[in-house]
Participant: 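Quick one: this structure, given as structure tokens, is what I'll be asking you about.
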Amino acid sequence: MTAETLFASLQLSVPELILAVGAMVLLMIGVFSSERSATSTVTGLAVALLIIAGLWLVLKTGEGEAYGGAFLSDPFARFMKVLALIGSITAMVMTVGHARSAQIDRFEFPVLLVLATLGMLLMISANDLISLYLSLELQSLALYVVAAINRDSVRSTEAGLKYFVLGALSSGMLLYGMSLVYGFTGHTGFDEIAAALTAEGRSLGLVFGLVFILAGLAFKISAVPFHMWTPDVYEGAPTPVTAFFAAAPKVAAMSILVRIVINAFEPVVADWQQIVVFISIASMLLGAFAAIGQRNIKRLMAYSSIGHMGYALVGLAAGSMAGVRGVILYMLIYMIMTLGTFACILAMRRKEGEYVENIDDLAGLSQTNPFMASVLTVLMFSLAGIPPLAGFFAKYFVFVAAIEAHLYALAIIGVLASVVGAYYYLRVIKVMWFDEAKGEFARTAGELRLVFGLSGLFVLGYVLIGGPLGSAAEAAARTFF
């Protein structure tokens with residue numbers, strides 16, 4: 001690599017370099033600051049760091065390949081990176097007032113979130129199996145620690161251990177799949193793999209490799225049958241950590257799933273389409289039926305997340321530009337709805353200071369906190385896919401893409417699963433508006449009111465801003481076609 005190509009590569013990856021160097025600086029600040037001021041200082045600087053990286057990404061970053069084709073900067077990568085950064089920034093802001101009560105007031109916490117975000121950005125731009133694996137592990141190792149960061153809680157420790165063990169298993173499956181693909185094609189670059197498949201055709205060993213790679217990535221988006229960790233980790237991890245898990249990492253994992261099947265394995269579309277259709281149907285059905293009996297709202301959101309990843313995969317199964325556009329918009333809308341909902345869950349704190357997580361604890365919220373009840377109602381309706389809210393349009397785009405691709409059974413199952421799933425969202429609304437109040441929540445922190453207020457506004461006003469967002473998503477999807 002010459003000096004010119006190295007400089008060009010560095011220019012394309014400046015946001016990632018900002019986060020990498022910034023994380024090391026924040027670590028030093030945390031180590032050498034006094035214990036009391038370290039956490040708040042490092043958290044504030046971490047948020048600023050993510051904002052700077054996002055602004056550089058939007059205003060300065062160009063397009064092209066870097067580091068010998070292992071790193072790619074294109075419209076799709078930029079769009080999904082901006083989404084991941086918004087998710088990380090919002091989740092970090094939501095932790096500000098809750099770090100002490102959730103027992104995560106350690107300066108290492110924001111540093112780990114920055115490193116996890118760095119892994120996500122690298123993963124979204126990965127254009128090679130090796131760069132994909134390294135970025136995935138950077139993200140995962142930070143998330144393993146974050147899940148178990150409350151060492152005094154048995155639930156948090158158990159959540160971290162389960163996530164680590166199952167995550168290690170999925171990483172092994174992913175790596176085994178990559179070794180098979182390399183063995184049967186002789187390449188690790190996505191473009192080279194696609195060219196080899198076009199020239200030589202598929203083989204049984206390569207299909208096995210594809211299955212293992214999709215299994216490893218399905219774990220990261222908590223799709224069935226690799227969803228086992230999700231309810232326990234969502235419930236056991238501190239709520240600010242769960243909010244982070246539910247947003248940005250899902251965006252990054254779905255992005256690389258789109259890139260690897262549409263780019264690297266495009267010549268064997270019939271093989272991966274069958275796998276994606278199966279995972280999608282299983283996720284939608286399990287997400288719809290398993291959530292019905294849940295009493296803990298974080299477990300409910302875990303099963304909701306599994307179902308929503310199934311809906312997003314409907315668009316991917318179509319394998320068309322409309323399908324990819326649908327996936328991009330779905331992840332955008334899902335992330336905003338989820339962050340708003342978790343902001344409401346973080347606000348579920350009694351005046352005595354105790355955090356509550358049961359759905360029944362929301363009883364009578366419409367009388368004690370009408371604003372929060374109204375916003376949470378809008379978000380629940382949107383998650384259920386009720387028109388004319390944003391969640392309806394998210395499902396509409398992916399189902400239309402599936403119908404255009406003649407995947408009629410998949411679209412019908414998706415609609416039916418959506419109807420079943422509406423039941424448990426409506427139950428939350430019923431508890432808030434029609435049950436007798438059990439007590440009043442403490443005053444909601446300003447940052448939480450801002451997050452769920454903006455989220456509710458987005459969901460309500462999507463009809464007005466959907467056009468420009470749809471155009472941006474289409475420009476991102478055109479990267480592959």
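For clarity, every value in this text was computed on a predicted model and none was experimentally measured.
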Participant: Taking all heavy atoms of I130 and all of D128, pick out the closest pair and write down the distance.
Facilitator: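 Smallest heavy-atom distance, with atoms named: N-OD1, 2.8 Å.
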Participant: Using side-chain heavy atoms (C-beta onward) and a distance below 4.5 Å, is V47 in contact with V93?
Facilitator: yes
Participant: Return yes if a side-chain donor-acceptor contact under 3.5 Å exists between Y133 and S171, otherwise no.
Facilitator: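 Their side chains do not contain a donor-acceptor pair, so the 3.5 Å distance test is not met.
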Participant: After noting the C-alpha distance and the side-chain angles of V314 and M284, does the key distance pass the side-chain contact (heavy atoms from CB on, under 4.5 Å) rule?
Facilitator: CA-CA 10 Å; V314 170; M284 289 188 293; 3.8 Å; yes
Participant: Closer than 3.5 angstrom, by distance alone: can the side chain of S170 be matched with the main-chain N or O of G167 as a donor-acceptor pair?
Facilitator: yes
Participant: Let me see the working for K220 and M123 under side-chain contact (heavy atoms from CB on, under 4.5 Å), right down to the final yes or no.
Facilitator: CA-CA 12 Å; K220 298 301 175 187; M123 189 160 71; 6.0 Å; no
Participant: Taking the side chain from S125 and the backbone from S73, do they hold a donor-acceptor pair closer than 3.5 Å?
Facilitator: no
Participant: Measuring only between side-chain heavy atoms, which start at C-beta, is S305 closer than 4.5 Å to Y334?
Facilitator: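 Result yes, sub-4.5 Å side-chain heavy-atom pair found.
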Participant: Output yes when a side-chain donor or acceptor of S131 lies under 3.5 Å from a complementary backbone atom of A70, and no otherwise.
Facilitator: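 Yes; judged by distance alone, with no hydrogens or angles, the pair exists.
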Participant: Can you tell me if R78 uses its side chain to pair, donor with acceptor, with the backbone of V58 under 3.5 Å?
Facilitator: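 Between the backbone of V58 and the side chain of R78 there is a qualifying donor-acceptor contact (under 3.5 Å).
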Participant: Centroid separation under 6.0 Å, is that true for the rings of Y144 and Y163?
Facilitator: yes
Participant: If you compare all heavy atoms of S135 against all heavy atoms of L122, which two are closest, and at what distance to 0.1 Å?
Facilitator: CB-CB, 3.5 Å
Participant: Is S9 reaching over with its side chain to a backbone N or O of Y67, donor-acceptor style, under 3.5 angstrom?
Facilitator: yes
Participant: Any idea which heavy atoms bring L85 and L50 closest together, and the distance?
Facilitator: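 Heavy atoms only, the tightest pair is CD2-CD2, 3.9 Å.
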Participant: If only atom types and distance count, is the side chain of W272 paired as donor or acceptor with the main-chain N or O of V207 below 3.5 Å?
Facilitator: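 Between the backbone of V207 and the side chain of W272 there is no qualifying donor-acceptor contact (under 3.5 Å).
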Participant: In sequence, state the C-alpha distance, the side-chain angles, and the governing distance for V42 and F109, and then conclude on side-chain contact (heavy atoms from CB on, under 4.5 Å).
Facilitator: CA-CA 9 Å; V42 173; F109 179 67; over 6 Å; no
Participant: Does some side-chain heavy atom of L129 sit less than 4.5 Å from a side-chain heavy atom of I260?
Facilitator: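 Contact flag for I260/L129 side chains = yes.
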Participant: Evaluate whether atom CZ of R443 has more than 12 neighbouring non-hydrogen atoms of other residues, nucleotides or ligands under 6.0 angstrom away.
Facilitator: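 Not buried by this count: 12 neighbours or fewer within 6.0 Å.
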Participant: Taking it one step at a time, do M432 and T377 satisfy side-chain contact (heavy atoms from CB on, under 4.5 Å)?
Facilitator: CA-CA 8 Å; M432 289 191 294; T377 300; 3.4 Å; yes
Participant: Does some side-chain heavy atom of T90 sit less than 4.5 Å from a side-chain heavy atom of I86?
Facilitator: yes
Participant: Are side-chain heavy atoms of Y182 and H187 found at a separation under 4.5 Å?
Facilitator: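 They are not in contact (no side-chain heavy atoms under 4.5 Å apart), so the answer is no.
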Participant: So which heavy atom on F79 is nearest to which on A472, and how close?
Facilitator: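 Here F79 and A472 meet closest at CE1-CB, 3.6 Å.
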Participant: Is the distance from the ring center of Y424 to that of F289 below 6.0 Å?
Facilitator: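 No.
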Participant: Given the rule in the salt bridge (Lys or Arg N to Asp or Glu O under 4.0 Å) test, do R155 and E357 qualify, once you have shown the distances and angles that lead to the verdict?
Facilitator: CA-CA 14 Å; R155 281 172 55 190; E357 295 175 1; 3.2 Å; yes
Participant: Show the numbers, then the answer: is there a ring pair (Phe, Tyr, Trp, His ring centres under 6.0 Å) between F371 and F452?
Facilitator: CA-CA 10 Å; F371 175 65; F452 65 65; 5.7 Å; yes
Participant: Please determine which of L339, V378, I333 meets the side chain to side chain contact (heavy atoms under 4.5 Å, CB included) test together with F458.
Facilitator: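 Result: among L339, V378, I333, I333 is the only option passing the side chain to side chain contact (heavy atoms under 4.5 Å, CB included) with F458.
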Participant: Got a donor-acceptor contact below 3.5 angstrom from the T43 side chain to the P110 backbone?
Facilitator: no
Participant: For T479 versus F76, what's the shortest heavy-atom pair and its separation?
Facilitator: OG1-N, 3.3 Å
Participant: Please say whether the positively charged group of K395, taken as NZ for Lys or CZ for Arg, lies over the ring of Y311, i.e. under 6.0 angstrom from the six-membered ring centre and within 45 degrees of the axis.
Facilitator: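 Yes, K395 and Y311 form such a contact.
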Participant: Set out, in order, the CA-CA distance, both residues' side-chain angles and the distance that settles salt bridge (Lys or Arg N to Asp or Glu O under 4.0 Å) for E16 and K81, then state yes or no.
Facilitator: CA-CA 10 Å; E16 287 79 6; K81 282 181 185 180; 2.7 Å; yes
Participant: Atom CG of L214 and atom CD1 of I275: how far apart are they, to the nearest 0.5 Å?
Facilitator: 5.0 Å
Participant: Does any non-hydrogen side-chain atom of M372 lie less than 4.5 Å from one of C344?
Facilitator: yes
Participant: Taking atom types as modelled and ignoring hydrogens, do the side chains of T338 and K250 form a donor-acceptor contact shorter than 3.5 angstrom?
Facilitator: no
Participant: Within 45° of the axis and under 6.0 Å from the centre of the six-membered ring of Y234, does NZ or CZ of R299 qualify?
Facilitator: no
Participant: Measure the CE-CG distance between M178 and L175 for me, rounded to the nearest 0.5 Å.
Facilitator: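 Taking CE in M178 and CG in L175, the distance rounds to 7.0 Å.
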Participant: In Å and rounded to the nearest 0.5 Å, what is the CE to CG distance from M309 to L316?
Facilitator: 12.0 Å
Participant: Under 3.5 Å, is there a donor-acceptor pair between the side chain of N358 and the main chain of D360?
Facilitator: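 A pair under 3.5 Å: no.
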Participant: State, with a plain yes or no, whether a side-chain heavy atom of F441 is found less than 4.5 Å away from one of V356.
Facilitator: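 Yes - at least one pair of side-chain heavy atoms lies under 4.5 Å apart.
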Participant: Locate the shortest heavy-atom distance separating V181 from L210; write the atom from each residue and the value.
Facilitator: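 The answer is CG2-N, 4.2 Å.
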Participant: Just so I know, are the side chains of Y462 and L469 near enough to count as touching, which here means a heavy-atom distance under 4.5 Å?
Facilitator: yes
Participant: Atom CG in L132, atom CG in N127: separation rounded to 0.5 Å?
Facilitator: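 Between atom CG of L132 and atom CG of N127 there are 10.5 Å.
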Participant: Do H227 and Y303 pass the side-chain hydrogen bond (donor to acceptor under 3.5 Å, both in side chains) test, and can you show the C-alpha distance, the side-chain angles, and the key distance before you say yes or no?
Facilitator: CA-CA 9 Å; H227 65 286; Y303 284 109; over 6 Å; no
Participant: Hey, what do you get for CZ (R349) to CD (E440), rounding to the nearest 0.5 Å?
Facilitator: 12.5 Å
Participant: Is it true that a side-chain atom of R106 and a backbone atom of I149 form a donor plus acceptor pair closer than 3.5 Å?
Facilitator: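 Pair found, side chain donor or acceptor close to backbone of I149.
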Participant: So, T95 side chain and M92 main chain: donor-acceptor pair closer than 3.5 Å or not?
Facilitator: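 Checking the backbone N and O of M92 against the side chain of T95, a donor-acceptor pair under 3.5 Å is found.
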Participant: Can you list the steps and then say if R259 with D74 is a salt bridge (Lys or Arg N to Asp or Glu O under 4.0 Å)?
Facilitator: CA-CA 11 Å; R259 191 181 291 282; D74 55 28; 3.0 Å; yes
Participant: Find the distance between CG (L379) and OG1 (T341) and round it off to the nearest 0.5 Å.
Facilitator: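 Nearest 0.5 Å value for the CG-OG1 distance: 4.5 Å.
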